[in-house]
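In this chain, residues are counted from 1 in sequence order.
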Amino acid sequence: MKAPPGASRTRYLILGLAFVGLSLNYLDRANLSVALPFIEDDLHLDLSNAEKGLILGAFFWAYDGAMLAAGWFADKVGSRKAFTFAALWWSVVTALTPLARGFWSLFAFRFALGAGEAPAYPSATKAASRWFPAHERAFASAVIDSGSRVGTVLSLPVVTGLIALVSWHFSFVVLGVLGIMLAAVWYWYYRDPMEHKHANAEEREYIASNGARLDENDSEAAAQVRWRDLFRYRTIRGMMLGFFCLNFVIYFFLTWFPSYLKDARGLNLAELGTLGTLPGITAIAGGWIAGIVADRRIRAGTDVTRVRKTVMVGGLLGGAAIVFAAPAKSVYVALLFLAISYASLAIAATGIWSLPGDVAPSSRHVASIGGIQNFASNIAGIISPYVFGLLLDIYHGSYLPSFALAGVVAVIGALTYAFVVGKAEPLPVRDS
C-alpha cells in the first residue's frame, strides 16, 4: 500500500494548504472569544454572561443554518471554488468587525462570519477524500481537523499580542487581510488529482487504486442517490447525534475557555497567551498521533470499522474528563484535565471526519455528508455557549454544573458511535 517509487507528493502540499486554511478559519472564529473582554471594556458595555453567550453563539446560528447548503454546494462546484468563496467571505467580515459598537452589531458581525465559514470544512473534507487513499485518510483528516486546534491555540498569543501591540481592532484587520491572501493562493494552486499539473501518473494511479473517492470510481447507481435520501440511513443519523455530542463539549474551548481562565482561574493577559495554549497543543499532538496510528492499523489489515470506532468511542469517553477540571484546587491540575479532555475529543474527531469519505455512496456525496454531520454538530454550537453562560448566571459563576453536563453529553456521544453508527463502508444504494 505504499506509494510507488517516483510518485509525486502533491497530495501533501494540498493537505498543508487545507491545514493552513482551516487554522486561519478557526483563528478568525476564536478572535472574538479572546477579544470580547477587551471590546467590552473599550466600548463600556455591560453585558451579562447570557448576553455574551448569545454573541458568541450567533456565529453558529448562521454557520449551522448554511451548513446543509454548504455541503451540497461544495459537492456541486468542487473544493476549489467552494473553499475560495468561503475564505473571501469570512475574511472580509473579519476585517469589518471593528465597526461594531454594541450588542446587536457584535451579534450581526458574528452571524455574518458564521455564514461565510460554512463551506470550509465540507470543502476540505472533500479535497482530502479525493487526494488521499483510504489507508491515509485518518492522518489527512487529523491534519485538517487539527487546523481548528491550531487556530484556537494561536488565537490566544496572536490576538492578545496584536491587542497589546495596537488594539483589539488591529487583530481583526490583520487576520482579515491574511484570509484574503489565503483565498487567492487556494484558487491558484488547488486542482483535483487528475487535473493537477504537479501530480504525476504514479501518484494519480496510487490515489485512484487505493480507495480515494474519485468520480472515476463511482457506480452510476451510487452517483444517483439523492441528497435528501441520505437522511434515511441510520448511520447518517447516528453521525449527526454523535458529532453533536462532541461539539457540545469541544465548543467550550472555542468560546468560554479564555473567560474561564481569566475569571475563574485569575490568569492575566500574559498567562492567557502561555498557559492557555497547553490544552490546545496537547489536542493537536493527540489528533496527529491518533491519525498516524489509525492509518498504520488499517495498512496492517485491521478492519476499518474497528479502527474508526475505537478512536471515536474512546475519544469521547476521554472527553468526559472535563468534569474533573472544575473542582480542581490548582490551575495546573485543572489544565491537566482540560488537556486530557481536549486531546481525547481531537482523537475522536479524526475518526469522525474520516467517516464521510468512508461511508459516502459516491464521491459526489462526501461534502454533503460532511455538511450534514457538521450541521447537527453545530446545533451544539448554538446551544452550548448559551447554556454555559446561563448555568454560570444561575450558579453564581461556578463552572461545575456546566462541566458535569458536558461530561454526560460526551458519554452519550460515545454510546452513539458504538451502537447506532454502522460500518465504515459505502452506504448501500436504496431504491427511492
- Item | Shortest non-hydrogen contact between Asn31 and Ser171, atoms and distance | OD1-OG, 3.3 Å
- Glu51 side chain vs Phe103 backbone, donor-acceptor pair below 3.5 Å: no
- Closest heavy-atom pair, Trp186 versus Ile14, reported as atoms and distance to 0.1 Å, is CZ3-O, 4.4 Å
- Query: Just by modelled atom types, is the Tyr189 backbone N or O under 3.5 Å from a matching donor or acceptor in the His196 side chain?
  - Reply: yes
- Quick one: do the Arg213 and Ser129 side chains pair a donor with an acceptor below 3.5 Å? no
- Item | Working for ring pair (Phe, Tyr, Trp, His ring centres under 6.0 Å), residues Phe132 and Tyr12 | CA-CA 9 Å; Phe132 286 86; Tyr12 291 107; 5.6 Å; yes
- Message: Does the Lys NZ or Arg CZ of Arg11 fall within the cation-pi geometry relative to Tyr206 - under 6.0 Å from the ring centre and within 45° of the axis?
- Response: no
- Item | Chi angles and distances behind the side-chain contact (heavy atoms from CB on, under 4.5 Å) call for Arg130, Ser363 | CA-CA 8 Å; Arg130 297 179 80 81; Ser363 64; 3.9 Å; yes
- Is a side-chain donor or acceptor of Gln373 paired with a backbone partner of Leu355 at a separation under 3.5 angstrom? no
- How far apart are the closest heavy atoms of Ala142 and Thr350, and which atoms are they? CB-CG2, 3.5 Å
- Which atoms form the tightest heavy-atom contact between Ile284 and Arg149, and what is the distance? CG1-CB, 3.3 Å
- Message: When you measure from the side chain of Ser79 to the backbone of Ser123, do you find a donor-acceptor pair of N or O atoms at a distance under 3.5 Å?
- Response: yes
- Query: Going from CH2 on Trp90 to CG on Leu175, what distance comes out if it is rounded to the nearest 0.5 angstrom?
  - Reply: 11.5 Å
- Query: Given Phe253, which of Phe248, Tyr260, Tyr342 fulfils the ring pair (Phe, Tyr, Trp, His ring centres under 6.0 Å) condition?
  - Reply: Tyr342
- Message: Looking at Phe107, I'd like to know if the NZ or CZ of Arg110 sits under 6.0 Å from its six-membered ring centre while staying within 45 degrees of the ring's axis.
- Response: no
- Query: From Leu32 CG over to Leu106 CG, what is the distance, rounded to the nearest 0.5 angstrom?
  - Reply: 6.0 Å
- Query: Is there a donor-acceptor pair under 3.5 Å between the side chain of Ser146 and the backbone N or O of Val143?
  - Reply: yes
- Could you pull out the closest heavy-atom pair between Ala406 and Val249, with the gap in Å? O-CG2, 3.3 Å
- Message: Testing Trp353, Phe243, Phe375 one by one against Tyr121 for a ring pair (Phe, Tyr, Trp, His ring centres under 6.0 Å), which residue passes?
- Response: Trp353
- Looking at Leu316 and Gly242, what are the two nearest heavy atoms and their distance? CD1-O, 4.5 Å
- Interatomic distance, Trp89 atom CH2 to Leu113 atom CG [nearest 0.5 angstrom]: 10.5 Å
- For the side chain of Arg204 and the backbone of Ala199, is there at least one donor-acceptor N/O pair under 3.5 Å apart? yes
- Query: Got a donor-acceptor contact below 3.5 angstrom from the Lys309 side chain to the Val421 backbone?
  - Reply: yes
- Message: Using modelled atom types and a 3.5 Å cut-off, is there a donor and acceptor pairing between side-chain atoms of Asp145 and backbone atoms of Ser141?
- Response: no
- Is the distance between the ring centroids of Phe38 and Trp168 under 6.0 Å? no
- Separation between OG1 (Thr310) and CD1 (Ile347), nearest 0.5 Å, reads 12.0 Å
